[in-house]
Amino acid sequence: MTTLKTHTCGQLRSEHAGQTVTLAGWVHRRRDHGGLTFIDLRDRWGVTQVVFNPDTSAESHALGRDLRAEYVVRVKGNVRRRPPGLENPSLPTGEIEVVAQEVETLNPAKTPPFYINEDTPVDEALRLRYRYLDLRRQRMQRNIILRHEVIKFIRDFLVQEGFVEVETPILFKSTPEGARDYLVPSRVHPGNFYALPQSPQQLKQLLMVAGYERYFQIARCFRDEDQRGDRQPEFTQLDVEISFVDRDDVMDIIERLYTAIVEQVSDKELLFKPFKRLRYHEAMERFGTDRPDMRFGMELTDISDIAAECDFRVFSETVASGGLVKGFKATGCGGYSRKQIDELNALVREFGAHGLAWLALEGEAEIRSSFAKFLTDEQVQDIVNRLGSKPGDLLLFIADRPEIANESLSRLRLALGERLGLRDSNVLALCWVTDFPFVTWDEEGQRWDPSHHLFTAPMDEDIHLLDADPGRARGKQYDLVCNGYEIAGGSIRIHRRELQEKVFSLIGLTLEEARQQFGHMLEAFEFGTPPHGGIATGIDRWVMLLADEPNIREVIAFPKSQSAADLMADTPSPVSEQQLKELHLKLDL
RNA sequence: GGGCCCGUGGUGUAGAUGGAUAACAUAUCGGCCUGUCAAGCCGAAGAUCGCGGGUUCGAGUCCCGUCGGGCCCGCCA
């Protein structure tokens, strides 16, 4: 295999019996019986039991007794079928053992700060500080290798489909829209900065101008925003762009790719094949969010019309002022105590809702409710019927501005789905969300913001709305959603200068600003740009879902902490005066 | 910028209402042990309770601050 080892620790079987082999790896466990010592020797491929017997070699038996956990050792010995009854069926190599003839410690190890040989919970700060040890553990080895397999599969698949992988710069240009940029000062150009790419968006479009037609890249992207469990300052996208396509072409490629990954690389079950498709408005109506978890029901129902006419002021006044009253039934939660309902109430308040209206159907005719006393029996019955409720259900409602009602109900739905065990992590519910609004109104900035990004094309039939009623125009955008996570987003792009300039001005860029920031794009669109579109998928989130992990740090070899620090290398860290001077920088702390 | 949770031997935890030698498991070290595979048995060592201040006769426990980690809001086209 290599100079130092002839076989891996996961390789030997009974047919190797009689061979002399040399293994090398880490001491996983030691079982010292005094006269007889066993070690489990581990490498990336598995674990093999090594026996040290003084009858075979007194010298190696003596050396073997001194081995400790995580020592790196090399063992030469004879493969022997284990004596009958002593096989270990839980180990792939459990039919055999290696009888040590020679042992060499390649490097001893201090006692590790946490267990390498079992997947017990460890304080995450400690894991990150000793990430190289954490990465030795089974959980991380499994995740990192799964990640590799997914990326390998993607490359093979897309190459097969005629795609070309092209690298784009890490040092690029800061642009005004989107997330905060990571900046890199230029030594050669005093006072000027590069920005690390938030995505290779512009570059991949320029590759379409350049005629590559089918591009992809496993691209590192950078965004200087605060962390979440599913957000890191640097993360990896599968970036794809194709020429001469419409939405369905892009969606089809990605759908085939993701289906194949689930079926061939993971042990997960695909709930929808083909993937479900939802329009944005439908997603908002039924789930209150544009990234619904479709593994379970409990869909939202609008009761604004009933609420408008009732004597419960919270309901009627909300509707009168343009708000919504919506809710859903939590199946089987009719017995929830006041305390449990108060917890749900606290949850929706976090998302801006004023409160939770509830109605519990305990028995056949027994009703507990926070609001039913203000309604006629008929109105209550209408609500109960509309939600298709049965005894034992708990009906939960929010009356608020549409954004708040939808947001808080969607969160509440997820929380209840979790409690009721409806979010089976072995199931992947992939769905496309399409027909997004082209732009959304930003109250604070008093301007239109692109829903996706600056280069997304509006629907052809909605182009006329860009002047008349921009809020009603739809974009050629599509998101891929899995189990409540947005795992990809893409669009058909604008490929004509006039339309691009029109969109720039719609979102408030002056012609001057547009040409300064995006002149290279506008210019390129005048040199024969094919219609094109593409998508960017979040590799980290996708592997996280496939690996059944609660956050993306678990599928990134060297992730950063919530405060964007690397606890192992202890960075960010100060630099010398000399370095600052060369970069023409002065600190103002 | 804000809210919440966590920090106790190497590791994982216990330690209501403040009370005397800070408990348990495991790891570590030593002894015994020739068929274990989470080996077993016996013994030992190991903790300024994240750090700083305060309240108190007395603080792991209460208060304030601070550092580190996590979850979330804002933010993330």
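Every chain is numbered from 1, with letters handed out A, B, ... down the list of sequences.
- Two rings, from A/Phe52 and A/Phe38, have their centers 6.0 Å or more apart.
- In this entry the base of B/A16 is syn relative to its sugar, with a glycosidic angle within 90° of 0.
- Per the stacking criterion (ring centres < 5.5 Å, plane angle < 30°), A/His33 does not stack onto the base of B/G35.
- Between A/Arg29 and B/A39 there is a side-chain N or O to OP1 or OP2 distance below 4.0 Å.
- In terms of polar N and O atoms assigned as donor or acceptor, the side chain of A/Arg127 never comes within less than 3.5 Å of the base of B/U11 in a complementary pairing.
- In the set B/C37, B/U11, B/A27, B/A27 carries the atom at the smallest distance from any side-chain atom of A/Thr111.
- In this structure, the CG atom of A/Asn117 is 9 Å from the C1' atom of B/A27, given to the nearest Å.
- Using a 4.0 Å heavy-atom criterion, one finds that A/Leu567 contacts the sugar-phosphate atoms exclusively.
- Closest contact between the side chain of A/Glu350 and the listed nucleotides B/C72, B/C73, B/C75 involves B/C72.
- Proximity of A/Thr120 to the phosphate of B/G12: no side-chain N or O atom is located under 4.0 Å from OP1 or OP2.
- Backbone-only contact: A/Gly229 has heavy atoms under 4.0 Å from sugar-phosphate atoms and none from a base.
- Residues A/Arg423 and A/Ser425 bring no donor and acceptor atom of their side chains to less than 3.5 Å of each other.
- Contact annotation: A/Arg31 side-chain N/O to B/U36 OP1/OP2 distance is not under 4.0 Å.
- A distance of about 46 Å separates the C1' atoms of B/G2 and B/A38, rounded to the whole Å.
- A/Asp570 has its CG atom 11 Å from the C1' atom of B/G68, to the nearest Å.
- Residue contacts for A/Asp123: at a heavy-atom cut-off of 4.0 Å it reaches the sugar-phosphate backbone alone, with no base atom in range.
- Two residues, A/Glu118 and A/Asn53, neighbour RNA chain B, and the one matched to the more 5' nucleotide by heavy-atom proximity is A/Asn53.
- Separation of the P atoms belonging to B/U8 and B/C62 is 15 Å when rounded to the nearest angstrom.
- Counted by atom type alone, A/Glu343 and A/Asn345 present zero donor-acceptor pairs between their side chains at under 3.5 Å.
- For B/C57 and B/G65, the C1' atoms lie 26 Å apart once the distance is rounded to whole Å.
- Straight-line distance from the CG atom of A/Leu126 to the C1' atom of B/G10: 9 Å, rounded to whole Å.
- Of the nucleotides present, none pairs with B/C33 by Watson-Crick or G-U wobble criteria with both distances under 3.5 Å.
- A close approach under 4.0 Å does occur between a side-chain nitrogen or oxygen of A/Ser563 and OP1 or OP2 of B/G69.
- Between A/Tyr478 and A/Phe436, the distance from one ring center to the other does not fall under 6.0 angstrom.
- Between A/Arg228 and B/C73, a side-chain N or O to OP1/OP2 separation shorter than 4.0 Å is present.
- Rounded to an integer number of Å, the gap from CG of A/Asn88 to P of B/G35 is 17 Å.
- Here the side chain of A/Arg223 is nearest to one of B/A77, B/A27, B/C75, namely B/A77.
- Pair check for B/G65 finds B/C51; Watson-Crick or G-U wobble, both atom distances under 3.5 Å.
- Using the Watson-Crick or G-U wobble rule with both distances under 3.5 Å, B/A23 pairs with B/U13.
- Using Watson-Crick or G-U wobble geometry with both donor-acceptor distances under 3.5 Å, B/G58 finds no partner in any strand shown.
- Comparing the P positions of B/U55 and B/C76 gives an interatomic distance of 46 Å, to the nearest angstrom.
- Environment of NE2 in A/His354: sparse, with no more than 12 heavy atoms of neighbouring residues, nucleotides or ligands closer than 6.0 Å.
- Between B/C71 and A/Gln562, a contact under 4.0 Å exists linking OP1 or OP2 to a side-chain N or O.
- Residue whose closest nucleotide on RNA chain B sits further toward the 5' end, between A/Ser90 and A/Pro112: A/Pro112.
- Between A/Leu86 atom CG and B/A39 atom P there is a gap of 16 Å when expressed in whole angstrom units.
- No N or O donor and acceptor, one from the side chain of A/Arg411 and one from the base of B/C73, sit under 3.5 Å apart.
- Side chain of A/Arg30 to main chain of A/Leu67: a donor-acceptor pair is present (N/O by atom type, distance under 3.5 Å, no hydrogens or angles).
- The closest donor-acceptor contact from the side chain of A/Glu95 to the backbone of A/Ser14 lies under 3.5 Å.
- Dashed line: the shortest gap from a side-chain N or O of A/Arg68 to OP1 or OP2 of B/C29 is under 4.0 Å.
- An OP1 or OP2 oxygen of B/G30 is reached within less than 4.0 angstrom by no side-chain nitrogen or oxygen of A/Arg65.
- To the nearest whole angstrom, the two C1' atoms, one in B/U13 and one in B/G31, are 29 Å apart.
- Listed candidates were B/C71, B/G68, B/G74. Nearest to the side chain of A/Asp226 is B/G74.
- Distances were taken from every side-chain heavy atom of A/Glu225 (C-beta onward) to each of B/C37, B/C75, B/G69; the shortest belongs to B/C75.
- Distances from the side chain of A/Glu124 to the nucleotides B/G35, B/C73, B/G69 place B/G69 closest.
- Checked by atom type, the side-chain pair A/Gln201/A/Gln205 shows a donor-acceptor distance below 3.5 Å.
- The C1' atoms of B/G54 and B/G18 are separated by 15 Å, rounded to the nearest whole Å.
- Once the 5.5 Å centre distance and the 30° plane angle are applied, the aromatic ring of A/Phe38 is found stacked with the base of B/U36.
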